[in-house]
There are 2 protein chains.
Amino acid sequence: MGLSHALLAALSQEALSGYDLARRFDGSLGYFWQASHQQIYRELARLSEQSLLSVKLQPQQKRPDRKVYCLTQADKEALVSWLQTQVQPPQQRDDLLVKLYAGRWTQPTQLIEELMHHQRLHQQKYETYRQIEQTYFADTSLSYADTCIKLTLDYGLAYEQNWIKWCEQALARLAAFAEQGSA
Amino acid sequence: MGLSHALLAALSQEALSGYDLARRFDGSLGYFWQASHQQIYRELARLSEQSLLSVKLQPQQKRPDRKVYCLTQADKEALVSWLQTQVQPPQQRDDLLVKLYAGRWTQPTQLIEELMHHQRLHQQKYETYRQIEQTYFADTSLSYADTCIKLTLDYGLAYEQNWIKWCEQALARLAAFAEQGSA
DNA sequence: AATACCATGTAAAGAGTTACATGATTGG
DNA sequence: CCAATCATGTAACTCTTTACATGGTATT
C-alpha cells in the first residue's frame, strides 16, 4: 500500500490529475518515491473505485478530459490516522553493490568505470536538488508545513551527497589495484 | 532479475544451501540487498530448473537433506558477463519520508517520536556493521577481492551514518515547532 | 515446557516494470 | 516536419510480501 499513501499525501496538499501526479513523482516526491504513470493511473482507478478518494471530470476543449482527484474529509482522516501508525525503514536493493560484492571476478577498471558513471548520475541529481532548494526554500524561516517538505528535500540532498562521497573513496581504493594490474 | 544476480554473486564465492543464503542476506549481503527465505527457495528452484546453477543433495542423518547450490563454469561466465553490463541506481521508496511530506496534518511531536524510533534502528544497524568491520576487516591491507567486499560494508556504514545525521538535524528543526505548539 | 534454530517448501495477493496503444497541441 | 508535452489508459509479466505448512534438534 506504499504508493497509495504517497498519492494521498500529494493529494492532501492540492487536487491533481494522474498526469500532474506523475510530474510530482518526477519532482518533489521523487526525492523519496518513484512511480510510473502506469502505476499511478492504475492505483488512482483502484482507490476511486473503493471510494478512498473522489474524482471530478474537468472537460477541456482541445485535449482529453482531465480527471482531477481530491480527498474528501474522510479520506484525509484516513491519511492522518496512517500518519500515526509506525512504518519500517525501506528495503535496500542495489545492483551496483551486488556487482562490487562479486567484483573479484572482473577487472578493477571495469568497476571504476561503472562507479564513475553512477557518481555522475548522483552528482546531477544533487545539483538538481540544490537548484530546487535555492528556488523554493531560500527563505530562512519556514513554516511548520514547509519545514516538513524541506526535510524531505534535505534527505534527498544528504542521500546524494553521501553517495558521491562514498564513490570517491571507493574509486580511490580501486585505483590502487588498477595501477597494479596494468603495471 | 535482481535477486538472481545477488544469489549468483553469493554462490560465486562459495557453495551454499538455500538456508545458508537466507543467513547471508541477514548478514553480509544485507547491507545492500534483502530477501526472504521464500523468495530465495523459489528463485533457486527456478534457476536450477533452467540450469543456471547446479545442485548437489547433501544427505544428513538427523535433519532434512541439504540442497547445496554451486555455479558451473558456464554459470560463472554468465555472472561475469552481467558484471560488464551497466546497471541503474535503485528506486527509492521510503514511507517515513511520505509521512514527513504530509507532516503538516499531524503534530510535530508525532513525527519526532517516529523519527527517534527510526534513528534508534539505524543506530543499531550502524553498530552491528562496526562490529563486523572490526571483526573481519581489522587488517589494514586488504586484497582486491576483500576490498570489493569491504566497499559494500563501507556503503552500509555510510548509509546508516548519513541517516542518523539527517535524523538529528530533522529532530532539531521539528523540536522548535513542538515547543511552540505546547507553549 | 518453551523457545530458537535447522531445513525445506507452496500459494495467494499485492506491487512494480515493460510493452503496447491513442491522439491532439505547441514550439522550433 | 519533428520532437516534446499534454492526457489517458490496458495487458502481460516479474518481483515481493504474507500466510500457511511441516518436523526434527538443541538449549534453557
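In what follows, chains are A, B, ... by sequence order, proteins preceding strands, each numbered from 1.
When each of B:R42 and B:V68 is assigned the nucleotide of DNA chain C bearing its nearest heavy atom, the one mapping closer to the 5' terminus is B:V68.
A donor-acceptor pair under 3.5 Å links the side-chain atoms of B:R93 to the main chain of A:Q34, judged by distance alone.
Whole-Å rounding puts the B:Q88 CD to C:dT18 C1' distance at 13 Å. Per the geometry, CD belonging to A:Q58 stands 15 Å off P belonging to D:dC6, to the nearest Å. If you take CD of B:Q39 and P of C:dG14, they are 17 Å apart, rounded to a whole angstrom. Here D:dC15 presents its P atom at 15 Å from CD1 of B:I40, a figure rounded to the nearest Å.
Across residues 7-38 of chain B, B:S17, B:G18, B:Y19, B:H37, B:Q38 each have a non-hydrogen atom less than 4.0 Å from an atom of DNA chain C (numbered order). Taking every heavy atom of residues 43-51 of chain A and every atom of DNA chain D, no pair lies under 4.0 Å.
OP1 or OP2 of C:dT17 has at least one side-chain nitrogen or oxygen of B:Q91 nearer than 4.0 Å. Taking only side-chain nitrogens and oxygens, A:Y41 comes nearer than 4.0 Å to OP1 or OP2 of D:dT8.
Taking 4.0 Å as the cut-off between side-chain N and carboxylate O, A:R24 and A:D20 do not count as a salt-bridged pair. Salt bridge status for A:D154 with A:K150: present, with a side-chain N to carboxylate O gap under 4.0 Å. One finds a salt bridge joining B:E133 and B:R130 here, because a Lys/Arg side-chain nitrogen approaches an Asp/Glu carboxylate oxygen to under 4.0 Å. A salt bridge links B:R46 to B:E43: one of the charged nitrogens lies within less than 4.0 Å of a carboxylate oxygen.
Contact between A:G18 and A:I40 at its shortest, heavy atoms only, is O-CG2, 3.9 Å.
Contact check for B:Q88 versus A:H118: no side-chain heavy atoms found under the 4.5 Å cut-off.
Residues meeting the salt bridge (charged side-chain N to carboxylate O under 4.0 Å, His left out) test with B:D146, sequence neighbours left out: none.
One distance of note links CG of A:L96 with CG of A:L111; it measures 8.5 Å at 0.5 Å rounding.
For a distance-only test at 3.5 Å, the side chain of B:R93 fails to qualify as a donor-acceptor partner of the base of D:dT16.
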